[in-house]
There are 2 protein chains.
Amino acid sequence: MQKKLTINDIARMAQVSKATVSRVLNRHSSVDPVLRERVMDIVQQYNFVPNTIATELANGRTHLIGVLAPPLNWPAIPEILHGVSEHIEHTRYEIVLYSMNLERNHSDVLDRILAMRMVSGLLAILPGELADHLDTFFQQGLPLVMIDDQKEPTHIPWVGIDNFASAYEATSYLLQLGHRRIAHIMGPQHYYCVVQRLEGYRQALTDAGLQADPELLFQGEFEPASGRRCAETIFAQDQSAWPDAIFVGNDQMAYGVLEVAEAQKIQVPEAVSIIGFDDNLLSAHMRPPLTTIHQPFTEMGYQATQLLLSMIDPNYQPDNEQPTRIQLPTHLVTRVSSASTHPFSLKT
Amino acid sequence: MQKKLTINDIARMAQVSKATVSRVLNRHSSVDPVLRERVMDIVQQYNFVPNTIATELANGRTHLIGVLAPPLNWPAIPEILHGVSEHIEHTRYEIVLYSMNLERNHSDVLDRILAMRMVSGLLAILPGELADHLDTFFQQGLPLVMIDDQKEPTHIPWVGIDNFASAYEATSYLLQLGHRRIAHIMGPQHYYCVVQRLEGYRQALTDAGLQADPELLFQGEFEPASGRRCAETIFAQDQSAWPDAIFVGNDQMAYGVLEVAEAQKIQVPEAVSIIGFDDNLLSAHMRPPLTTIHQPFTEMGYQATQLLLSMIDPNYQPDNEQPTRIQLPTHLVTRVSSASTHPFSLKT
DNA sequence: TTGTAAGCGTTATCAC
DNA sequence: GTGATAACGCTTACAA
């Protein structure tokens, strides 16, 4: 790569000081139009662009934002990232992608990343266990936004959904279809969203005058295998004990349930209705297509980025009274995997 | 964010010069073990990490590699990126993600990116139209690797697959199933891979003693809609004119074909066998599951990164004789959408 | 309005 | 071996 021009070279050629070149480049008002033009001519002629690293060192701040993400082959992550990049490209910021593939990627890695002071803000996608650790950085003033976290709400700015209301909607929908024995396969209970979804499920049952049957509650791990395991447990029972609908805590586990149903020739939705949560890309293509709660992942990425950049803005005033929590609306997507109990009614 | 310690602070506290601190930090051999320890103690006590920006300015090189990618919601992109990050995390490099969402993102954007000198190398995923422009940067010495490009082979280091051989395999497989009237829906012809796939298709027919029928060649655009369009054209003809198998240029178009077949109640694979190309994530979940050629996208990302970093290595010697072209093996994935013409034979 | 010069936090080249 | 000191390329008081 040929040696690059510096601001000094431009200054020499335009016969001005480098301070003037800098002022021209940074659009400072107080500079003679004549000189300005002389400088700009040279700049354009040589297609000069100042060295970012030097600028950032002088300014003490970069135009990079770090994005801490789970492996990209996880569901929903590409969608979120897509939203992030859609916003970023309208700004002068760039994304530094920290993809945490290994389990060992823990706080020490995070420490180094932030100690290097390369990013001026951090977007943490599904931070999980890291949430507590991130908190200490936030306390120290690091602009930070979490997307769809999995912990108790903190004062860290956050973008996500209303898990309680969404689960309530999912369950109500099943009730409305006429189902009464509604099972729930939940995710790991140390996730806040899991607890919220469970609450929403219970509340919907209560409001319908029913009581949540502990026999119909199953523990999964948010992965297809755990969905399979729960489904096998369920369908191993006498058919009289089967639920007539299952609200599965996420789509991945629902895939496992559908797999078991297909293998055991249990008709979905005729024998049992299934509803998931997330609306991952595959869900519309399942056999049968999965009814689920749609999460606006791309929008989450977009809005989280917007929020983060506003926090980085020099004249940003944090609202210490009320933590910033953006809850995006979800919606129910009805597909084939759920149907009314009434055999003659049309599928809604 | 509290003011950070600098190498000067450490030097003062350890009562040495900052040069010594720098030497300790960079593992220079010539430094008294006693001093080394004194410095390291302070460093650890304060969890000191040198400012990356300053280091990079002094060194004249960064530890960032740029990744130029199409929108993340495109098929295969997340898989490639996942491969990239899997390699990157074992190194001291980080990824700067340039996601080109807008059509307008053209050479000028690229110019700025590279003029800023922030990245020490560039990975271009599906560069498409940008390939020519990238070439000029490569000429100027920018370490550059293209993944799965869509242009004539150049001397730019490249990672991809053998499209000719893969198409040959796909077509041969259909022939082997007993099909004789094999149609091909191809992508835009300005892509090199499209031409290669067409050649492979033709060669396989030729080698089987058949001649490619121009009536059975269709022009698509690599997107589901174009697949639908071609399928509608095909099935609008008298049934006697139908092909008994279709080799579709990529999975996305094959999805469109399957859609039309389902809508028109044309049995796949009984009435017509379908084979795609790519093995995108959805392909295994189509109705019916799509037979296709699997491309090792994650591996492509991994190997491209490895190659790029080796090129960035200071003691890298370019081989001007022979351009670096890594061709990764593909393989045929047989699923339900293809079957033997012989009605009584088992599906292979 | 413009130029001079002092940072920004490192690394690297010198002498010592 | 170690410590001054000059880069690295830019921004920004402060002077002029």
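The chains referred to below are lettered A, B, ... by the order of the sequence lines, with proteins before strands, and numbering in each begins at 1.
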Asks: Can you check the R27(B) CZ to dG1(D) C1' distance for me, whole Å?
Replies: 19 Å
Asks: Cut-off 3.5 Å, no hydrogens considered: what does the side-chain donor-acceptor table look like for residues 302-312 of chain B, sequence neighbours left out?
Replies:
residue, atom, partner, partner atom, Å
Q303(B), NE2, E299(B), OE2, 2.8
T305(B), OG1, G301(B), O, 2.6
S310(B), OG, L307(B), O, 2.7

Asks: Give every residue pair that meets the ring-ring contact (aromatic ring centres under 6.0 Å, His included) criterion with at least one member in residues 24-49 of chain B, sequence neighbours excluded.
Replies: none
Asks: Treat primed atoms plus P, OP1 and OP2 as sugar-phosphate and everything else as base, then score nucleotides 8-16 of chain D 5' to 3': B for base contact with protein heavy atoms under 4.0 Å, S for sugar-phosphate contact only, - for none.
Replies: BBBBBB---
Asks: Between D32(A) (CG) and dG3(C) (P), how many Å, whole number?
Replies: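 From D32(A) CG to dG3(C) P: 10 Å.
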Asks: Quick one: list whatever passes ring-ring contact (aromatic ring centres under 6.0 Å, His included) with H63(A), sequence neighbours left out.
Replies: Y93(A)
Asks: Using ring-ring contact (aromatic ring centres under 6.0 Å, His included) as the criterion, list what pairs up with H190(B), not counting sequence neighbours.
Replies: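 In terms of ring-ring contact (aromatic ring centres under 6.0 Å, His included), with neighbours along the sequence ignored, H190(B) is linked to no residue.
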Asks: Rounded to the Å, how far apart are R61(B) CZ and dT11(C) C1'?
Replies: 13 Å
Asks: Is the backbone N or O of M118(A) less than 3.5 Å from a side-chain atom of T62(A), with the two atoms forming a donor-acceptor pair by type?
Replies: yes
Asks: How long is the line joining NE2 of H63(B) and P of dT10(C), in whole Å?
Replies: 15 Å
Asks: Side-chain polar contacts of residues 12-19 of chain B - donor-acceptor pairs under 3.5 angstrom, sequence neighbours left out - could you list them?
Replies:
residue, atom, partner, partner atom, Å
R12(B), NH2, D9(B), OD1, 2.8
S17(B), OG, A19(B), N, 3.3
S17(B), OG, T20(B), N, 3.3
S17(B), OG, T20(B), OG1, 3.3

Asks: Between atom CE in M116(A) and atom C1' in dG9(C), what is the gap in whole Å?
Replies: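 To the nearest whole Å, that distance equals 15 Å.
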